[in-house]
Amino acid sequence: MVLPKGTLYVYDVAMDPEVKNKRKRRRLFDILETHPGFSEYAKKTASDYGKMIVSMIPLNPKAGAGSDGLKIDRLEITVIYTERDDAPVIEEDRNKYKFIIQRVANVHPQDLDEYVAGNIPDYNPDQAIQALNIILAKFPSRSGTMVAVGKKKFFVLSDDAGLQYPLGAGLIALKGFYTSVRPSVGNMLCNLNVCTTAFYKEGSLARIIREFLGIGHGGYHPKMHGKLKSYLRHLRVTICYLENSKGEKKPRGRTITAVSHETPNRMKFEIDDPNRGTKTTKTVEQYFFEKHKIRLQDPDLPAINIAGPGAPNPVWIPAEMATVTKGQAFMGKLPDEQTAQMINFACKQPKENAEVIEKVGLPRLGLKGQNNDLNPFKMSVSNEMMVVPARVLPAPEVYYNKTSFTPTDASWNLFKRRFVKAASMPLWSYVVIQEPGRPINMQEVITILRNFKQNCGQCGMNVADPVTKFSDGMSPVVVTLPDFNKRDPDALEKAMRPAFKKLMDMKIPVAYVFLPSADKGVYAAVKYCGDTKAGIHTVCSQWSKVSKEKGQPQYLANEALKFNMKLGGWNHMLGTKQLGPLGVGRTMIVGCDVTHPSPGSLKGTPSIAGVVASIDDNFIQYPASLRLQNSRQEMIEELESMMLERLQLYATRNKGALPERIIMYRDGVSEGQFQHVLDQELPKLRAACSKVPMKQPYRPKISIIIVGKRHHTRFYPTSEDAMDRKTGNPQPGTVVDRGVTAVYDFDFYLQAHAGIKGTARPAHYYVIHDSNGFKADGLQQVTHNLCYLFSRATKSVSICPPAYYADLACERGRCYIYGLLNASDDVSSKSGGSEAQEIENTVRAARKLWDTGVHSRLKDTMFYL
């Protein structure tokens, strides 16, 4: 990148009265740019349309360029809000807004050049980078052919089939671009990547509602209300049935603020009858026919309220009177079918993504060709991708019982291979879950169980015949699910309870569960009952997958991997040589993660923290601790007690010995939170060590490595020799630690896996604390080798297993509060009370569901696999 010359002036922006609505705030900034008091500065400024303006010149000509000018460099400009440039001014006094623009800092881009050159390590580049990102975003933010989602993602509004894809459910997927300025050794870089997200379709709201609900005319049912309310929340629509004083029907933008339980043909209201001097009761349908001469085509769809916030009365209109405005991102939770389609659309091979960046991204973002928004700042971005050096690390030797080999293409199969340490299953059974009226063939189940036992035997496991006779004389254990429209978490748990009681009565420790579909609610209920109530290990298979004869041996072998690990076995291992510095002395590897409530969760739903830790010198078994914590809190609140549990179990399994080193792979932390980990989590980790009962103070050497997955750095091979020829991705084991890494810190990118589909995303490892003194090459190699130790698969995985396991443990915790994480809006609205009371009720419900967490019989195992 070529950075601006001279000084950049940074201004804080306030509005009086304050405007929190982002759309309205953006519109006010547009009005400001054409205001006589500001228009002369518009070309030489850029804003984030929120709280900041960056300028090439002082906005107050009397203010000096130096820091002395900060206090007097201030503008106050009053504008009048209108929806559109051609819209008449209505209630001028109520629509007046004052901009208060105050210079708060001077930024010198040349300081960034010195910083990346390694000359000023104490310099904080954050404010300068923020200013450059605002300048970079000016062109796409003002473009009529792109829409911004957040501050760094811009999506293309185009009918080009390569840039959009119909998802169904009233949604489309749009392709866009992420752009961000980043410092690296010797250079300031522009990180540019392809991204994809879901948007609402443009067009008739009634049609989109029917498509979302999967219904035709007349198919709406009141039970769909909660789902629809979430879908339409804050959706922007256009109406065009009202006439102005000239009798013209002009489009007007409105926001849906509520969805009624009633439909226009049933919703009634009173209206004054001027002829009779009385009030008349009409339905909304009647009113639109008599007043606007409009005969409704969809009077059975719910009415929507388009009154603004703070309006004294609602304004209910039929859904068909509104059209959905173009370019609105869908912020809710995508249904499973749409998620799968989105992934298919987004997954493009590296060559395709590189081409769309060069041919579409660069010009659309204003980084290629003439850019009148960027030119005044004298800032530019190279149109060529940066070439960086990379190495391909060799795959480690993988050991099974009495055999070893070096994998090719980072994967292998279990054919004729026996587990290193095979568990026994002397007592086990199975559960068949079926839909009402659609029984599963029991003879097929028996055949599959026989094949499963045979597969386990081939892997070295000693597996008895499953228990099929129970104390009540019934065989087998069958659960028939409640009807779909009655399938809430309580009903599912109630349906499962008798089956798990049978298993408990027979003291059965593990069960194979056959599921009728991919219904996540059913899966969650099985895990909730097994993990927390019954203390029984469960492994689930979807009937449609396990019952296929083709590929069944491989499928059942993969299920055997989970059974063996849950029961304390070891599937495969690495040799001491492959463990490098971790193979000497005692080391505990820890994985940490936190998962947060997703869209559709009740307000106040807790986050879930997970900590896993190895208990053997080969880093195979990683039992876990789980905790609920404050909603959306990223730092692990109870890390001290969780680590104490892990250390105590390690001592129990190692004859009282404790690890000399603790290596923590911390997942899910953004760069802005690295210091929080050091300030909050590292002291808790040390406190846990101090509480372990030992004759001498216990002070192990600690290293903390952040594992980054949600970044936008991608690598494209420059030659066929460095390429995976099946996909065009870099070869497994590719490591990059120069060119795009941090200026002063210890970090590297590692793609340990073979990218099967799309463009592979490398993991970003960032060492923020290291009292073990790891060398770069040693840590990179051992991290890469550990990726071959993921016990649930026969391949190298994309992130280090302890981080992967922590993520899986957190996902398992979500099953225990599934109803709160997947609640309809109706549940929330029925709770009543203030928001604080609603949050308190949700937390109380979560604590009740969670109770004591994982059952005591499972807590020291890898129950979460």
Side-chain angles (χ1 to χ4, degrees), residues 581-582 584-594 607-617 619 622-630 633-708 745-747 765-775 778-779 782-783 786 800-803 805-807 809-810 859-860:
L582 304 187
V584 180
R586 293 188 178 275
T587 303
M588 170 188 274
I589 302 182
V590 178
C592 300
D593 194 16
V594 178
S607 294
I608 300 169
V611 174
V612 305
S614 62
I615 54 172
D616 56 78
D617 291 339
F619 313 110
Y622 287 81
S625 295
L626 288 174
R627 297 286 193 279
L628 293 179
Q629 64 180 37
N630 287 329
Q633 168 63 42
E634 181 57 49
M635 295 301 106
I636 301 176
E637 294 171 349
E638 296 186 42
L639 181 60
E640 181 180 331
S641 64
M642 297 167 84
M643 274 304 304
L644 187 57
E645 290 174 0
R646 298 301 99 221
L647 288 165
Q648 288 171 337
L649 182 61
Y650 185 99
T652 300
R653 298 291 177 87
N654 290 274
K655 301 179 180 178
L658 287 167
E660 301 157 19
R661 294 183 294 256
I662 295 177
I663 318 298
M664 176 191 284
Y665 285 92
R666 178 66 161 92
D667 193 9
V669 177
S670 65
E671 289 184 23
Q673 296 171 316
F674 288 179
Q675 192 60 45
H676 296 322
V677 174
L678 295 174
D679 293 342
Q680 298 176 41
E681 294 189 347
L682 178 57
K684 290 176 181 177
L685 179 51
R686 286 175 171 153
C689 294
S690 69
K691 290 188 176 179
V692 178
M694 294 282 287
K695 292 180 180 179
Q696 299 293 327
Y698 174 53
R699 298 191 183 97
K701 292 181 179 180
I702 296 170
S703 297
I704 299 178
I705 305 160
I706 305 298
V707 185
D745 299 327
F746 179 4
D747 70 320
Y765 295 93
Y766 209 114
V767 182
I768 62 170
H769 180 81
D770 182 25
S771 60
N772 286 290
F774 283 115
K775 302 296 184 186
L779 183 61
V782 77
T783 299
L786 287 173
C800 201
Y805 290 146
D807 180 77
C810 287
K859 68 182 182 64
D860 293 338

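Note that SG of Cys592 and CD1 of Ile636 are 4.5 Å apart. Values are rounded to the nearest 0.5 Å. To the nearest 0.5 angstrom, Ile663 atom CD1 is 10.0 Å from Leu786 atom CG. Taken from OG in Ser625 to CG in Leu649, the straight-line distance is 8.5 Å, to the nearest 0.5 Å. Put simply, CG on Leu779 and CD1 on Ile705 are 4.5 Å apart, with the number rounded to the nearest 0.5 Å. We find the CD1-CD1 distance between Ile589 and Ile662 to be 11.5 Å, quoted to the nearest 0.5 Å. Rounding to the nearest 0.5 Å gives a distance of 8.0 Å between CD of Glu638 and CD of Gln629.
For the residue pair Ser703 / Arg661, no side-chain donor-acceptor distance below 3.5 Å is found, with atom types taken as modelled.
Judged as a salt bridge (charged side-chain N to carboxylate O under 4.0 Å, His left out), and not counting sequence neighbours, Asp593 has no contacts. Residues satisfying the salt bridge (charged side-chain N to carboxylate O under 4.0 Å, His left out) test with Glu645, not counting sequence neighbours, are Arg627.
Looking only at distances, no side-chain donor or acceptor of Gln633 sits under 3.5 Å from a matching main-chain atom of Glu637. Formation of a donor-acceptor pair under 3.5 Å by the Gln673 side chain with backbone atoms of Met635 is not found in this model. Remark: the backbone N or O of Ile615 is paired with a side-chain donor or acceptor of Asn654 at under 3.5 angstrom.
Using a 4.5 Å cut-off on side-chain heavy atoms (C-beta onward), Val590 and Val612 make no contact. At a threshold of 4.5 Å between non-hydrogen side-chain atoms, the residues Met664 and Ile702 do not count as touching. Taking 4.5 Å as the limit, some side-chain heavy atom of Leu582 sits within range of a side-chain heavy atom of Phe774. Pro623 is listed as a side-chain neighbour of Arg646, based on a closest heavy-atom distance under 4.5 Å. Looking at heavy atoms from C-beta onward, Tyr766 lies out of side-chain contact with Val669 at the 4.5 angstrom threshold.
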Donor-acceptor list for residues 691-699 side chains, cut-off 3.5 Å, not counting sequence neighbours:
residue	atom	partner	partner atom	Å
Lys691	NZ	Glu640	OE2	2.5
Tyr698	OH	Pro659	O	2.6

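Summarising the geometry of Arg586 relative to Tyr650, their closest heavy-atom pair is CB-OH, 3.5 Å, with the distance given to 0.1 Å. Taking each heavy atom of Phe619 and Tyr622 in turn, the nearest pair found is O-CE1, 3.3 Å. A pairwise comparison of heavy atoms in Val707 and Asp667 identifies O-OD1, 3.3 Å as the closest pair. Contact record, Gly610 with Cys810: N-SG, 3.3 Å, taken as the closest heavy-atom pair.
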Assess the residue pair Ile608 and Leu628 against the criterion (side chain to side chain contact (heavy atoms under 4.5 Å, CB included)); give the C-alpha distance rounded to whole Å, side-chain angles, the decisive distance to 0.1 Å, and a yes or no.
CA-CA 5 Å; Ile608 300 169; Leu628 293 179; 3.9 Å; yes
Under the criterion side chain to side chain contact (heavy atoms under 4.5 Å, CB included), I'd like the reasoning laid out for Leu682 against Asp679: C-alpha separation, chi angles, the key distance, then a yes or no.
CA-CA 6 Å; Leu682 178 57; Asp679 293 342; over 6 Å; no
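Tested against Met588, the residues Pro700, Ser614, Pro802 include a single side chain to side chain contact (heavy atoms under 4.5 Å, CB included) partner, Ser614. Shown are Arg686, Arg666, His769, His676; of these, the side chain to side chain donor-acceptor pair (under 3.5 Å) with Glu681 is made only by Arg666.
Relative ring orientation between Tyr665 and Tyr765 is described as perpendicular, the plane-to-plane angle rising above 60° on a 0-90° scale split at 30° and 60°.
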